[in-house]
Amino acid sequence: MATAPSAKLTPLLKDELDIVIPTIQNLDFLEMWKPFFEQYHLIIVQDGDPSKKIRVPNGFDYQLYNKNDVNRILGPKASCISFKDSACRCFGYLVSKKNYIFTIDDDCFVAKDPSGKEINALEQHIKNLLTPSTTHFFNTLYDPYREGADFVRGYPFSLREGVPTAVSHGLWLNIPDYDAPTQLVKPLERNTRYVDAVMTVPKGTLFPMCGMNLAFDRELIRPAMYFGLIGDGQPIGRYDDMWAGWCMKVKCDHLGLGVKTGLPYIWHSKASNPFVNLKKEYKGIFWQEKAIPFFQSVSLPKEGSSVEKCYLALAGEVKSKLGEVDPYFIKLADAMVTWIEAWNMVNSPGEKPAMTSLPNATSKK
């Protein structure tokens, strides 16, 4: 278990960032994160049985929502929020009123760098988000905005200003984020490589986004970080963050925004059951071979200058193109539209679903 630093940390973006955590269990893992999280507000989205009491350690400012709260707040539009998969976390993105979001899973702990120092993952994510991305030209020293780095010889001066960073995608030590077939082939494999690097994902390049260690600029991303209709009652699971990542990256490329990946690392403590995962992923393993070429070739209208317009246009393309692959994608496209409607309802000007107006949601300071 981690020990608290002797000096109190000065948190970056203290009043501008929410930490979103999906969970089905008691949040004892937060004890290790206390030195880094205790001065931020937490939004906890409870999956599973809403009557089950979730224990949160003392000393945290948090709001806890369950399925009953989701249904009450969104009404018929609650159909766009999935459960029994980590996709329920996007409800936290919906109700947050902060400019930035950091989301982490409840089986992720504080990692250590090669010197043995505990990694402040949240601080590194914030640094990634507050510095530009280099989407149009790759810098071989990776992130040129890091201390001790710069643009290398031959990098065009006209591109050195970069673009705003919308997403910071962190990595994991110990249990890799593998799909079920790879888990079955390599059940004992562990990631022990700590690569001290941050890089921009180039424009036009997709990547497999993992939602367990992720931060984003909510003002730039807005509703584009939707984890889809995936999980309970759906023919596919464990593709919620993949789907969100593909949609998000297409939108960022269209609007001239950047995505970074690399640092920070967290310690992923346990592997999920590969046989259960295979059942959830089975259709996705086939469908991704159609979905990825779709995202690589999809074009959004030039007049789609807002995130909402881009996302609605993308939903239309999903329905018309991927709907031919399986009727599920028609249902998913409809959920994308419902998600935008829910976002606009909750986040309309002057609309603040204050915690005190949600009598059944659990609040703690």
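With hydrogens and angles disregarded, no donor-acceptor distance shorter than 3.5 Å links the side chain of Q183 to the backbone of L278. Not one N or O on the side chain of D232 forms a donor-acceptor pair closer than 3.5 Å with the backbone of D85. Side-chain atoms of W339 come within 3.5 Å of backbone N or O of P223 as a donor-acceptor pair. Without hydrogens or angle criteria, D18 side chain to I101 main chain gives no donor-acceptor distance under 3.5 Å. A donor-acceptor pair is defined here as one N or O able to donate and one able to accept, closer than 3.5 Å; no such pair exists between the side chain of D105 and the backbone of D107. Judged purely by atom type and a 3.5 angstrom limit, N191 uses its side chain to pair as donor or acceptor with the backbone of W172. Within the 3.5 Å criterion, the main-chain N or O of Y155 finds a donor-acceptor partner in the side chain of R160. A donor-acceptor distance shorter than 3.5 angstrom exists from the side chain of K34 to the backbone of N58, with no hydrogens or angles considered. Judged by distance alone, the side chain of N139 and the main-chain N or O of D150 form a donor-acceptor pair under 3.5 Å. Without hydrogens or angle criteria, S133 side chain to T135 main chain gives no donor-acceptor distance under 3.5 Å.
Heavy-atom contacts from other residues, nucleotides or ligands closer than 6.0 Å to OH of Y142 number 12 or fewer. The environment of NZ in K98 is crowded: more than 12 heavy-atom neighbours from other residues, nucleotides or ligands sit within 6.0 Å. Within 6.0 Å of CD1 in I24 there are 12 or fewer heavy atoms belonging to other residues, nucleotides or ligands. When the shell of 6.0 Å around OH of Y194 is examined, it contains more than 12 heavy atoms from other residues, nucleotides or ligands.
Of all heavy-atom pairs between G237 and I230, the closest is CA-CG2, 3.6 Å. Residue R238 comes nearest to M242 through the heavy atom pair O-CG, 4.5 Å, listed as atom of the first residue, atom of the second, then distance. Nearest heavy-atom pair across R218 and K97 is NH1-CA, 4.5 Å. Taking all atoms of both residues into account, the shortest heavy-atom contact from V259 to K249 is CG2-CD, 3.9 Å. Looking at every heavy atom in both residues, D240 comes nearest to F227 through CB-O, 3.1 Å. Considering every non-hydrogen atom in both D217 and Y100, the closest pair reads OD2-CE2, 3.6 Å.
Taking the ring centroids of W287 and Y239, they lie at or beyond the 6.0 Å cut-off.
Here the straight-line distance linking atom CG of D47 with atom OG of S82 works out to 9.5 Å at 0.5 Å rounding. With rounding to the nearest 0.5 Å, the separation of NZ in K260 from OG1 in T165 is 4.0 Å. The distance from atom CD1 of I81 to atom CD1 of I73, rounded to the nearest 0.5 Å, is 10.0 Å. In this structure, CG in L13 is found 10.5 Å from CD in E123, a value given to the nearest 0.5 Å. Distance check: M32 CE to F37 CZ gives 11.5 Å after rounding to the nearest 0.5 Å. How far CG of L122 is from CG of L17: 5.5 Å, rounded to the nearest 0.5 Å.
The shortest distance between side-chain heavy atoms of L322 and L332 does not fall below 4.5 Å. Looking only at side-chain heavy atoms (C-beta outward), Y62 and L27 stay at 4.5 Å or farther from each other. Between H136 and P156 the shortest side-chain heavy-atom distance does not fall below 4.5 Å. Here the side chains of L314 and L300 are in contact, with some heavy-atom distance below 4.5 Å. Between V307 and K251, the closest side-chain pair of non-hydrogen atoms falls below 4.5 Å. F275 is not listed as a side-chain neighbour of K279, based on a closest heavy-atom distance of 4.5 Å or more. You'll find the side chain of V163 stays beyond 4.5 Å of the side chain of L257, heavy atoms only. Inter-residue side-chain proximity for F294 and V318 is flagged as met; some heavy-atom pair is nearer than 4.5 Å.
In this model, no donor atom of one side chain and acceptor atom of the other lie less than 3.5 Å apart for N120 and Q124. Counted by atom type alone, K53 and N26 present zero donor-acceptor pairs between their side chains at under 3.5 Å.
In the hydrophobic clustering of ILVMFWY residues, with side-chain heavy atoms under 4.5 Å counting as a link, W33 and I175 come out apart. The hydrophobic clustering, which links ILVMFWY residues whose side-chain heavy atoms are closer than 4.5 Å, places Y93 and V337 together. Linking ILVMFWY residues whenever their side-chain heavy atoms come closer than 4.5 Å, directly or via other members, leaves L159 and L255 in distinct clusters. In the hydrophobic cluster analysis, where Ile, Leu, Val, Met, Phe, Trp and Tyr join through side-chain heavy atoms closer than 4.5 angstrom, I292 is grouped together with Y328. Placement of I44 and F109 within a single hydrophobic cluster is found when ILVMFWY residues are connected by side-chain heavy-atom separations under 4.5 Å, directly or transitively.
The residues D69 and R72 are annotated as salt-bridged, a charged nitrogen and a carboxylate oxygen being separated by less than 4.0 angstrom. A salt bridge does not link D143 with K127: none of the charged nitrogens is closer than 4.0 Å to a carboxylate oxygen.
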Side-chain donor-acceptor distances from residues 203-216 under 3.5 Å, at least two apart:
from: N213; atom 1: OD1; to: H125; atom 2: NE2; distance (Å): 2.8
from: N213; atom 1: ND2; to: L171; atom 2: O; distance (Å): 2.9
from: N213; atom 1: ND2; to: P264; atom 2: O; distance (Å): 2.9

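Checking each of V20, I21, I19, L94 against I43 for a side chain to side chain contact (heavy atoms under 4.5 Å, CB included) leaves exactly one that passes, namely V20.
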Next item on the list: List the steps and the verdict of side chain to side chain contact (heavy atoms under 4.5 Å, CB included) for T134 and Y145.
Entry: CA-CA 10 Å; T134 52; Y145 303 99; 4.0 Å; yes
Next item on the list: Check the pair M336, K319 against side chain to side chain contact (heavy atoms under 4.5 Å, CB included), reporting the backbone distance first and the verdict last.
Entry: CA-CA 10 Å; M336 293 167 70; K319 176 174 279 192; over 6 Å; no
Item checked: side chain to side chain contact (heavy atoms under 4.5 Å, CB included) evaluation trace for C252 with I221 -> CA-CA 8 Å; C252 285; I221 287 294; 4.0 Å; yes
Note to self: Test side chain to side chain contact (heavy atoms under 4.5 Å, CB included) on M345 and L74; report intermediate values, then the result.
What the structure shows: CA-CA 8 Å; M345 179 181 75; L74 297 184; 3.7 Å; yes
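Ring planes of W246 and F295: tilted class, angle from 30 to 60°. Ring orientation note: the planes of Y226 and Y311 are nearly perpendicular, at an angle over 60° on the 30°/60° scale.
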